[in-house]
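All remarks here apply to the structure that follows.
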There are 4 protein chains.
Amino acid sequence: MNDNEVLSSVKDRELIEKRRNQMIKGAISLFKDKGFHRTTTREIAKESGFSIGTLYEYIRTKEDVLFLVCDSIYEQVRERLEAKIDLQQPSMENFINVIRSYFELMDEMQEEVLIMYQEVKSLKKDTLEYVLEKERAMVGMLERVIKTCVKVEISDQDAELIANNIFIQGQMWGFRRWMLQKQFTLEEYIDRQIHYLMQSLSVQE
Amino acid sequence: MNDNEVLSSVKDRELIEKRRNQMIKGAISLFKDKGFHRTTTREIAKESGFSIGTLYEYIRTKEDVLFLVCDSIYEQVRERLEAKIDLQQPSMENFINVIRSYFELMDEMQEEVLIMYQEVKSLKKDTLEYVLEKERAMVGMLERVIKTCVKVEISDQDAELIANNIFIQGQMWGFRRWMLQKQFTLEEYIDRQIHYLMQSLSVQE
Amino acid sequence: MNDNEVLSSVKDRELIEKRRNQMIKGAISLFKDKGFHRTTTREIAKESGFSIGTLYEYIRTKEDVLFLVCDSIYEQVRERLEAKIDLQQPSMENFINVIRSYFELMDEMQEEVLIMYQEVKSLKKDTLEYVLEKERAMVGMLERVIKTCVKVEISDQDAELIANNIFIQGQMWGFRRWMLQKQFTLEEYIDRQIHYLMQSLSVQE
Amino acid sequence: MNDNEVLSSVKDRELIEKRRNQMIKGAISLFKDKGFHRTTTREIAKESGFSIGTLYEYIRTKEDVLFLVCDSIYEQVRERLEAKIDLQQPSMENFINVIRSYFELMDEMQEEVLIMYQEVKSLKKDTLEYVLEKERAMVGMLERVIKTCVKVEISDQDAELIANNIFIQGQMWGFRRWMLQKQFTLEEYIDRQIHYLMQSLSVQE
DNA sequence: GATGAATGAGATTTCATTCAT
DNA sequence: AATGAATGAAATCTCATTCAT
């Protein structure tokens with residue numbers, strides 16, 4: 001299952017792409033405010049700039065919109081994170097840079113991540129699994145960076161644990177902003193998290 | 001705002017208490033399965049063992065149920081965590097015991113924490129704030145334990161950061177179970193998290 | 001499957017009976033004009049004298065209404081026909097009386113029979129079968145009358161054929177009224193049909 | 001009103017003919033399965049081998065398709081029946097042959113007749129009348145055969161009655177197949193119906 | 001205090017039809 | 001002539017909430 005498998009009665013590939021992007025953009029902006037359940041399909045259509053009938057030419061059910069949105073967010077995060085990682089050499093400095101980039105990304109994409117966190121649960125088993133697989137893949141990316149860059153001996157299990165910790169610390173900045181962003185600037189938050197991460201890995205910064 | 005401020009047309013204090021407990025129990029068991037939005041008030045009434053009419057004698061809106069549920073879960077977590085903390089002497093060993101207890105508690109209350117995690121955001125601003133205040137208080141408890149038990153010098157800000165990290169690592173065990181509980185037993189998870197925590201505090205275990 | 005198996009969320013047996021009768025009456029009067037497909041559930045509710053919400057307290061889908069209507073029509077026909085038959089002695093005269101009664105019944109219930117004929121096809125397999133079973137039963141009643149009253153030797157197969165012929169000749173009076181009722185009064189129609197029936201059975205009238 | 005009066009924005013007579021035939025063929029195959037109301041115009045277009053846009057170049061409303069289908073079916077039946085009749089000499093034997101041919105035709109065209117039977121009533125008054133006129137004509141054909149071939153004195157009224165009886169006995173073979181085709185082969189059915197018909201006309205077979 | 005029938009606003013989805021290309 | 005994307009009215013069905021008993 002991927003976003004091409006959300007059935008559309010329109011045939012033109014490019015048009016589908018274009019309309020779905022409008023749709024995703026519109027939907028995200030609404031979901032931010034009111035969440036998935038409180039947003040109506042009519043509102044999504046309107047916000048996307050077309051009629052309700054047209055909306056349904058590009059999806060089959062309201063849940064498809066949610067899937068498209070979640071998929072798109074994950075895809076964005078993954079792409080941007082991958083871009084950072086690919087360019088790096090396996091050194092501690094680069095490890096820190098990746099983590100920093102990840103935190104910055106999570107800051108930029110706060111709203112989107114928040115949507116995902118709150119709404120993913122509304123997906124049906126099938127699509128949910130597909131989306132969770134993407135999350136697993138992203139944690140996997142962090143794991144690989146850890147195993148590649150960190151000199152200290154770390155078991156696979158521990159690498160996974162640390163990757164998970166970093167992963168949700170990044171998200172936490174967004175979904176616990178009401179608490180954290182009162183006490184920290186982004187800079188401070190990143191610095192202190194990295195500081196403790198280094199310590200826990202017994203590495204001199 | 002607290003749970004007594006959820007208006008009821010019934011006068012008898014004790015009865016309100018009793019009925020609301022039935023209600024919370026019923027609602028939690030439903031929310032676990034289907035989430036707040038997909039659960040109907042009729043279902044809540046039925047699961048609670050009384051009629052829809054009776055349900056509405058004890059609340060005013062469906063959201064009141066969610067509030068009551070969240071409030072009750074927070075209260076349970078707080079109480080049980082407090083019980084562990086109050087009895088402890090300020091030592092590193094006790095610190096570790098508190099953390100361990102907290103993780104164990106999160107394991108026992110996984111389902112409830114999941115509900116909280118996913119549904120709290122459906123509360124309206126007013127009630128949301130009230131509930132988040134409770135969360136802040138719980139993080140505060142962890143903060144105090146850190147400041148009291150850990151000998152190393154830690155700024156207030158850092159204590160808050162660490163408290164938050166611990167807090168969500170506890171929750172993560174539940175809401176990322178599809179990932180973590182495949183790789184770790186609870187014991188292992190706790191041990192490794194505590195291990196890295198100790199290292200990050202530059203403390204010999 | 002019978003009409004009690006159309007699920008209702010109302011519990012009061014008597015009330016269900018009452019409301020469903022309102023509903024059937026309302027629906028029949030609408031189906032006469034516009035048929036099942038062109039009639040909306042809102043119209044059915046209104047015609048029945050209650051709100052759309054109430055309608056759906058007594059049925060689950062629009063098709064349930066159709067089933068209830070068909071079932072009720074069959075039941076009426078069956079009951080009234082049975083009443084005529086039970087009282088008769090097995091004689092040729094009585095046979096003729098039954099046929100006559102049946103034709104008269106079909107005349108009185110023209111509209112209802114028309115609805116059944118045009119709309120039964122919209123029932124789903126399950127319910128359709130249930131309804132056709134009733135039709136088979138009614139033809140069976142005629143068959144038994146034939147075998148009992150007619151002295152001439154008639155095979156089971158032939159009895160069934162004749163029963164079917166009579167059965168649809170009765171219905172034809174209603175659904176081909178645009179043709180027949182211009183040329184025949186009911187009396188004439190019955191007399192001539194019986195005349196030819198008697199001849200085909202080689203019986204002196 | 002005839003099929004040329006279904007307006008088309010295409011000028012080319014031959015093309016109209018060709019497209020409409022595709023359409024009728026496609027529509028019949030769909031109506032067999034799902035009936036008129038459950039079939040969408042998109043499906044008709046697709047089954048016919050062209051686009052929805054093209055469909056609407058050759059008709060104005062969905063009902064036009066139904067009309068075209070009914071008209072075409074009647075036309076086929078009429079033509080084929082006429083072919084049988086024209087060739088016959090006015091004898092009892094030929095009468096029987098016509099009846100036999102008619103029953104065989106109804107067997108071959110069961111599905112089509114079923115569509116007619118069930119869907120004609122969805123036509124609007126105007127078109128309905130036009131189609132019923134064709135039915136009247138067909139019954140008229142049978143009437144004429146009766147009056148010509150049967151030696152026994154039969155009033156006009158009786159001829160019409162018998163023609164109607166034969167007419168629907170033919171259709172009945174198709175629309176009551178769930179009942180009749182379990183008990184009779186086509187041969188048997190025809191033989192017995194003709195047997196009783198002869199008896200009712202007091203004719204030795 | 002308890003009940004549950006009644007309500008109707010509102011949600012999702014479909015589909016006949018149009019019209020620019 | 002043919003296409004198929006766009007439209008939006010209208011249909012079915014749900015469900016939080018009320019209120020008479």
Side-chain angles (χ1 to χ4, degrees), chain A residues 8-12 15-16 18-19 37-45 49-65, chain B residues 8-12 15-16 19 37-46 49-65, chain C residues 8-12 15-16 18-19 37-45 49-65, chain D residues 8-12 15-16 19 37-46 49-65:
Chain A
S8 164
S9 48
V10 173
K11 292 167 184 175
D12 184 334
L15 192 54
I16 294 180
K18 181 180 156 198
R19 292 278 179 261
H37 281 104
R38 284 203 233 280
T39 302
T40 69
T41 50
R42 290 196 121 78
E43 287 169 322
I44 295 170
F50 35 70
S51 71
I52 184 66
T54 300
L55 181 72
Y56 276 89
E57 292 285 302
Y58 294 91
I59 54 162
R60 280 200 310 183
T61 69
K62 189 186 175 191
E63 216 214 278
D64 283 347
V65 180
Chain B
S8 163
S9 51
V10 175
K11 302 298 165 210
D12 183 336
L15 193 53
I16 294 181
R19 291 278 179 259
H37 281 106
R38 287 205 225 280
T39 303
T40 69
T41 51
R42 274 170 144 97
E43 288 170 318
I44 296 170
K46 192 171 186 188
F50 37 71
S51 71
I52 184 67
T54 301
L55 182 72
Y56 274 87
E57 294 290 310
Y58 294 92
I59 53 161
R60 272 188 319 171
T61 69
K62 190 186 173 190
E63 217 214 273
D64 284 346
V65 180
Chain C
S8 164
S9 49
V10 171
K11 292 165 185 177
D12 183 334
L15 194 53
I16 293 180
K18 180 180 157 199
R19 292 279 178 260
H37 281 105
R38 285 203 234 280
T39 303
T40 70
T41 50
R42 289 194 122 79
E43 287 170 320
I44 296 170
F50 36 70
S51 70
I52 183 66
T54 299
L55 180 72
Y56 276 91
E57 293 285 303
Y58 294 91
I59 53 161
R60 279 201 310 186
T61 67
K62 190 187 175 190
E63 216 212 277
D64 283 346
V65 180
Chain D
S8 163
S9 50
V10 174
K11 302 296 166 213
D12 183 337
L15 192 53
I16 293 181
R19 292 279 179 260
H37 282 107
R38 287 205 225 282
T39 303
T40 68
T41 51
R42 276 170 143 97
E43 288 171 318
I44 296 169
K46 192 171 184 188
F50 37 72
S51 72
I52 182 69
T54 300
L55 181 72
Y56 273 88
E57 294 289 310
Y58 295 91
I59 54 160
R60 270 189 322 170
T61 70
K62 189 187 174 190
E63 218 214 272
D64 283 347
V65 179

Interatomic distance, [X] [atom1] vs [N] [atom2] [rounded to whole Å]:
X       : N      : atom1 : atom2 : answer
B:Asp12 : E:dA2  : CG    : P     : 9 Å
A:Lys62 : F:dT14 : NZ    : P     : 16 Å
C:His37 : E:dT14 : NE2   : P     : 16 Å
C:Ile44 : F:dT12 : CD1   : P     : 7 Å
D:Lys46 : F:dG4  : NZ    : P     : 11 Å
D:Arg38 : E:dA16 : CZ    : C1'   : 18 Å

Determine the minimum heavy-atom distance between D:Lys62 and D:His37, stating which atoms define it.
->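 Taking every non-hydrogen atom into account, NZ-O, 3.7 Å.
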Contact summary for C:Ser8 and C:Ile16, nearest pair of heavy atoms |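 Smallest heavy-atom distance, with atoms named: OG-CD1, 3.7 Å.
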Any side-chain N or O of D:Arg19 less than 4.0 Å from the OP1 or OP2 oxygen of F:dA1?
->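 For F:dA1, neither OP1 nor OP2 has a side-chain N or O of D:Arg19 closer than 4.0 Å.
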When you check the phosphate oxygens OP1 and OP2 of E:dT12, does a side-chain N or O of A:Thr41 lie under 4.0 Å from one of them?
->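 Answer yes for this pair, as a side-chain N or O of A:Thr41 is under 4.0 Å from OP1 or OP2.
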Is any side-chain N of the basic residue among B:Arg42 and C:Glu57 closer than 4.0 Å to the acidic one's carboxylate O?
->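 Looking at B:Arg42 and C:Glu57, the cut-off is met.
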Side-chain heavy-atom pair D:Ile59, D:Leu55 within 4.5 angstrom cut-off =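 D:Ile59 reaches D:Leu55 side chain to side chain.
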Going by heavy atoms in the side chains, are C:Tyr56 and C:Thr41 under 4.5 Å from each other?
->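 Result yes, sub-4.5 Å side-chain heavy-atom pair found.
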When rounded to the nearest 0.5 angstrom, what is the spacing between CD in C:Glu63 and CZ in C:Arg60?
->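 Output value for this atom pair is 11.5 Å.
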First locate atom NZ of C:Lys11, then atom OG of C:Ser9, and finally report the distance between them rounded to the nearest 0.5 Å.
->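 The distance works out to 9.5 Å.
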Going by heavy atoms closer than 4.0 Å, what residues in residues 49-60 of chain B are next to DNA chain F?
->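 B:Ile52, B:Tyr56 - these, ordered by number, are the residues of the stretch whose heavy atoms sit under 4.0 Å from the strand.
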Any chance the side chains of D:Glu43 and D:Thr40 put a donor and an acceptor closer than 3.5 Å?
->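 Yes, D:Thr40 and D:Glu43 have a side-chain donor paired with an acceptor closer than 3.5 Å.
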Residue whose closest nucleotide on DNA chain F lies nearer the 5' end, A:Lys11 versus B:Arg42 |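 Residue closer to the 5' terminus by nearest nucleotide: A:Lys11.
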Go through DNA chain F and write down every stem, that is, every run of at least three consecutive Watson-Crick or G-U wobble pairs with distances under 3.5 Å, as range with range.
->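 DNA chain F stems, ordered by first number: E:2-21 with F:2-21.
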Please step through side chain to side chain contact (heavy atoms under 4.5 Å, CB included) for the pair D:Tyr58 and D:Asp64, ending with a clear verdict.
-> CA-CA 9 Å; D:Tyr58 295 91; D:Asp64 283 347; over 6 Å; no
So what does D:Ser9 hit on the nucleic acid, given a heavy-atom distance under 4.0 Å: a base, only sugar-phosphate, or nothing?
->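 Contact class for D:Ser9: none.
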